[in-house]
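Throughout, a chain's letter reflects where its sequence line sits, starting with A, and its residues are numbered from 1.
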There are 4 protein chains.
Amino acid sequence: MAEDRNDKKTAIAATAVRLFTERGFHGTPTSLIAREAGVSNGTLFHYFPTKEELINFAYYEIKSRMAGEIGGGVEEERTDREKMWRMWRNAILWGVDHPDEYLFVQQFCSSPFIRKLPPEEILKNAPAAFEVLAGTIEKSCLKGMPIEVAFSVICSPIDAVVRSIVNSDGDLDRDRLIDTSFGIVWRGLTGE
Amino acid sequence: MAEDRNDKKTAIAATAVRLFTERGFHGTPTSLIAREAGVSNGTLFHYFPTKEELINFAYYEIKSRMAGEIGGGVEEERTDREKMWRMWRNAILWGVDHPDEYLFVQQFCSSPFIRKLPPEEILKNAPAAFEVLAGTIEKSCLKGMPIEVAFSVICSPIDAVVRSIVNSDGDLDRDRLIDTSFGIVWRGLTGE
Amino acid sequence: MAEDRNDKKTAIAATAVRLFTERGFHGTPTSLIAREAGVSNGTLFHYFPTKEELINFAYYEIKSRMAGEIGGGVEEERTDREKMWRMWRNAILWGVDHPDEYLFVQQFCSSPFIRKLPPEEILKNAPAAFEVLAGTIEKSCLKGMPIEVAFSVICSPIDAVVRSIVNSDGDLDRDRLIDTSFGIVWRGLTGE
Amino acid sequence: MAEDRNDKKTAIAATAVRLFTERGFHGTPTSLIAREAGVSNGTLFHYFPTKEELINFAYYEIKSRMAGEIGGGVEEERTDREKMWRMWRNAILWGVDHPDEYLFVQQFCSSPFIRKLPPEEILKNAPAAFEVLAGTIEKSCLKGMPIEVAFSVICSPIDAVVRSIVNSDGDLDRDRLIDTSFGIVWRGLTGE
DNA sequence: AATGAATGAGCTTTCATTCAT
DNA sequence: AATGAATGAAAGCTCATTCAT
C-alpha cells in the first residue's frame with residue numbers, strides 16, 4: 001500500500017521530469033503527465049496540489065540525487081587537485097548519463113521558478129565537494145569574492161562540457177574533454 | 001510614415017524582449033505585449049504573423065547588435081591577450097548593460113526555438129573576435145577539439161559573470177571580476 | 001451516470017444541429033452551442049475534440065435515424081409502386097417533421113465536409129429502399145446509368161417538396177403534393 | 001477611366017465568385033479576394049461597403065447571365081415540348097460549363113443570405129422559359145399548385161444532373177443523361 | 001485513495017471594417 | 001480613386017484545477 005503510494009507519486013514525478021525536459025514546463029500539460037504516468041488526471045492533483053509543486057518536487061528530487069553522486073569518491077582522493085578533479089568528472093558524467101534530469105535542472109535554474117526558492121539551498125546539497133571547492137577558491141585569485149559567485153564562475157565550463165557531449169553524436173573524446181577542461185580551470189586558478 | 005512604421009514595429013519588439021525576459025516566452029501573452037507597446041492586438045500580428053516570428057525577430061536583432069559591440073575595439077589592441085581581454089570585457093559589459101536583451105538571448109538559446117535556426121549562424125556574427133579566439137585555441141591544450149565545443153567551454157564563465165553582476169545589488173567589484181575571470185581562463189589556456 | 005454522460009453529449013449534439021441549420025456551420029460559434037446546451041465551453045471540447053468532429057457526429061446520428069425511418073413499412077407493401085411510394089412519402093414526411101435535421105443533412109452534403117467521408121456510405125443506410133429503387137431503375141430508361149446518378153436524379157424532387165412544405169405557412173396540401181410528385185416520377189420512369 | 005472602374009469592380013467580383021465556390025463564403029476572407037484580384041484591401045471596400053453586398057452583387061450578376069443563356073433559342077423551337085427541352089438542356093449545359101458560378105448560386109440559395117432577398121426575384125429573370133414552364137404546369141396534374149412550388153419540384157432534377165456531370169470524370173454520357181432526365185419529367189407531367 | 005467529467009479563464013490568431021494619407 | 005496600416009471583437013481550442021462519486 002505504502003509502496004503503491006510511492007509508486008504512483010514516483011511514476012508521476014519521473015514522467016514529469018522526462019516530459020519537462022523533452023517539451024519544457026509550459027509545453028507539458030498536467031493531463032499528459034498523468035496519462036503517460038498511467039494515472040488519472042485527478043490523481044496527479046491528489047499528490048501535487050499545483051503544477052508548480054510538481055515542478056519543485058521534481059527539482060529537489062533530482063538535485064539531491066545529483067549532489068549525492070557528485071560527491072561520490074571525493075574523500076578517497078588525496079590531494080585537493082585530485083578531489084576537485086573527481087568532483088569535476090563526477091558532475092560531468094552525471095550530466096551525460098542523465099541528460100533528461102540534467103537539462104531539467106538547468107531549465108529550472110534559468111526559469112522564473114527559481115526566484116521563489118531560497119538561493120542558499122542550491123549550493124548546500126553537495127557538502128564534501130563544497131568544502132574542497134571553497135578551499136581552492138580561498139587560495140586563488142578569486143579570494144574574497146562571494147562564494148557563490150566564485151563557484152558559478154569556476155563551474156560554468158562543466159555545463160558547457162555536458163551540453164557539448166550530449167549534443168555530439170558520440171564522436172567526442174569524453175575523457176580528454178573532461179581532463180582538458182578541468183586542467184584549464186585548475187591551472188588558471190593555481191598556476192600549477 | 002516610415003518612422004511610424006518602424007516606431008510601432010520597434011516598440012512591439014522592445015516590449016516583447018522586456019516581457020519575455022521578465023516572464024518567459026510562454027508566460028507572456030501576445031495581448032500583453034500589444035497592450036504594453038501601446039498598439040492593438042491586431043497590429044502585433046500585422047507586423048509579426050506568429051508569436052514565433054516575433055521571438056525570432058527579437059533574437060536576431062539583439063544578437064547582431066550584441067555581436068557588433070563585442071567586436072568593438074578588438075582590432076586596436078596589440079597582443080592576442082589584449083585582444084581577447086577586450087572581447088571578454090566587451091561581452092560582459094554588454095550583458096550587464098543590457099540585462100533584458102542578454103537574458104533574452106540566453107533564454108532563447110536554451111529553448112526549443114533554437115533548434116530551428118541554422119547552427120552556424122550563431123557564431124558568425126562576431127568575425128574579429130572569432131579569429132582571435134580560434135587562434136588562441138589552436139595554440140592551447142584544446143587544439144583539435146571542435147571549434148564550437150572549445151568556444152563554449154572557454155566562454156562559459158562570461159555567462160556566469162554577467163549573471164553574478166546582474167543579480168548582485170551593485171556591491172560587486174565589476175572590474176576585478178572581469179579581470180580575474182579572464183585571467184583564470186587565459187592562464188589556464190596559455191600558462192602565462 | 002451513463003445517462004448524465006449521454007445527456008450532455010446528446011444535448012450538445014441536438015443544440016448543434018438546431019443552431020447549424022439556423023445559422024450555418026460557420027455562423028455558429030462553439031461557445032454559443034455550449035451556452036445554449038447548458039454546458040461549459042470546455043465540456044463541449046471534452047466530448048468533441050474539434051468542431052468538425054461535432055459536425056460529423058451530428059451528421060451520422062441524424063443520417064442513420066433518417067435512413068431507419070425511410071425504410072419503415074416498405075416491406076409490408078406489395079407492389080413495387082407501393083413500396084417506392086411508401087419510401088417517397090416516408091422521406092418527405094421525415095424531412096417535414098424534422099426540418100432542423102433535414103436541412104442540416106442537406107447543408108452537410110453540399111459543404112466541403114462531405115468530401116472527407118467515403119461516398120458509398122451515404123446510400124448504404126437504407127437497404128430495403130435501396131433495393132426497390134435499384135430494381136425500378138434497371139427497368140426504366142435510366143438503365144445502365146451509374147446507380148448513384150440515377151438515384152440522385154430520381155430523388156431530387158423529394159428535396160424540393162420538403163423545402164416547399166417547410167417554407168410554406170401550412171397552407172399547402174401535403175398529401176396531394178407528395179402523391180403528385182411521386183406520380184410524376186413514377187409515370188416518367190415506367191409509363192404506367 | 002470608366003473602364004478602370006469597371007475593370008476593378010469586375011475583377012473583384014469575378015475573383016470573389018471563384019474563391020467563394022472554391023472555399024465557401026466563410027472560408028474566403030475579403031483580404032484574400034482583394035489580393036487575388038490585384039487590388040488593395042481598402043479598394044474592395046470602396047466598391048462593396050460590406051462583404052454581404054459583394055456576395056449579393058456576385059449572385060445577381062451570375063443569376064442574370066445564367067437566366068439569359070437559359071432562355072436562349074427557346075423561342076425558335078416550335079412545340080412546347082421542344083421549347084422546354086431546349087430550356088432544360090440550356091440550364092444543364094450552363095451549369096456544366098460554368099461550374100464555379102453554378103455552385104456559387106446553389107450555395108447562395110441554400111445559405112442564410114437568401115432569406116434577405118425578395119423571393120419572387122429568383123424566378124423572374126428567365127421570362128421566356130418561365131412562360132413555357134407555367135403553361136405546361138397548368139395542363140398537368142400539378143395544376144393549381146403554387147407556381148414556385150411546381151417549378152422547383154419539376155426543375156430539381158436539373159441540379160442533380162449538373163452535379164453528377166460535374167463530379168464525374170467526363171465518362172458520363174451527357175446528351176443521354178440530359179435527354180433521359182428530361183424525358184422522365186416530361187412524360188411524368190404529360191403522359192406523352 | 002482514485003477517478004475523469006466538468007469548468008471557464010485565457011491563449012493565439014483571424015478578419016471585416018475604418019481611416020489617414 | 002486608391003492604399004494598406006490599424007483596429008478589436010470574436011473564434012476555436014487548451015489546460016490547470018475542482019469535485020461528485
If you check every side-chain atom of Lys51(B), which of dA16(F), dT13(E), dT7(F) has the closest atom? dT13(E)
What distance separates Leu19(D) CG from Ile33(D) CD1, expressed to the nearest 0.5 Å? 6.0 Å
Searching all strands shown, indicate the nucleotide that pairs with dG8(F) (Watson-Crick or G-U wobble; both distances under 3.5 Å). dC15(E)
Tell me whether the side-chain N/O atoms of His46(C) come closer than 4.0 Å to OP1 or OP2 in dA5(E). yes
For dA9(E), give the paired nucleotide (Watson-Crick: N1-N3 plus N6-O4 or O6-N4; G-U: N1-O2 and O6-N3; both under 3.5 Å), or none. dT14(F)
For Ala58(B) versus Val17(B), what's the shortest heavy-atom pair and its separation? CB-CG2, 3.8 Å
Pairwise 5' ranking along DNA chain E for Gly42(C) and Thr28(B), keeping only the more 5' one: Gly42(C)
Once the angle between the rings of Phe20(B) and Phe25(B) is folded into 0 to 90°, is it parallel (under 30°), tilted (30 to 60°) or perpendicular (over 60°)? perpendicular
Which base, if any, makes a Watson-Crick or G-U wobble pair with dT21(E), both distances under 3.5 Å? dA2(F)
Distance check needed: dC15(E) P versus Leu32(D) CG, whole Å only. 9 Å
Spacing between Glu36(A) atom CD and dC15(F) atom P, to the nearest angstrom: 14 Å
Write down the distance between OH (Tyr47(C)) and C1' (dT7(E)), rounded to a whole number of angstrom. 12 Å
Testing dG8(F), dT3(F), dT14(F) for proximity to the side chain of Ser40(B), the answer is dG8(F)
Looking at Ala11(B) and Thr15(B), what are the two nearest heavy atoms and their distance? O-OG1, 2.6 Å
Let me know the distance between CZ of Phe45(B) and P of dC15(E), rounded to the nearest Å. 13 Å
Measure the distance from CD1 on Ile33(C) to C1' on dA10(F) and round it to the nearest whole Å. 15 Å
So Ile55(C) and Tyr59(C), do their side chains get closer than 4.5 Å, heavy atoms only? no
For Gly38(C) and for Pro49(B), locate the closest nucleotide of DNA chain E by heavy-atom distance; then report the residue assigned to the nucleotide nearer the 5' terminus. Gly38(C)
Interatomic distance, Leu19(A) CG vs dA16(F) P [rounded to whole Å]: 12 Å
Between Thr30(A) and dC15(F), is there a contact of a side-chain N or O with OP1 or OP2 at under 4.0 Å? no
Interatomic distance, Asn41(D) CG vs dT14(E) C1' [rounded to whole Å]: 13 Å
Quickly work out the Arg23(C) CZ to dA10(F) P distance and round it to whole Å. 12 Å
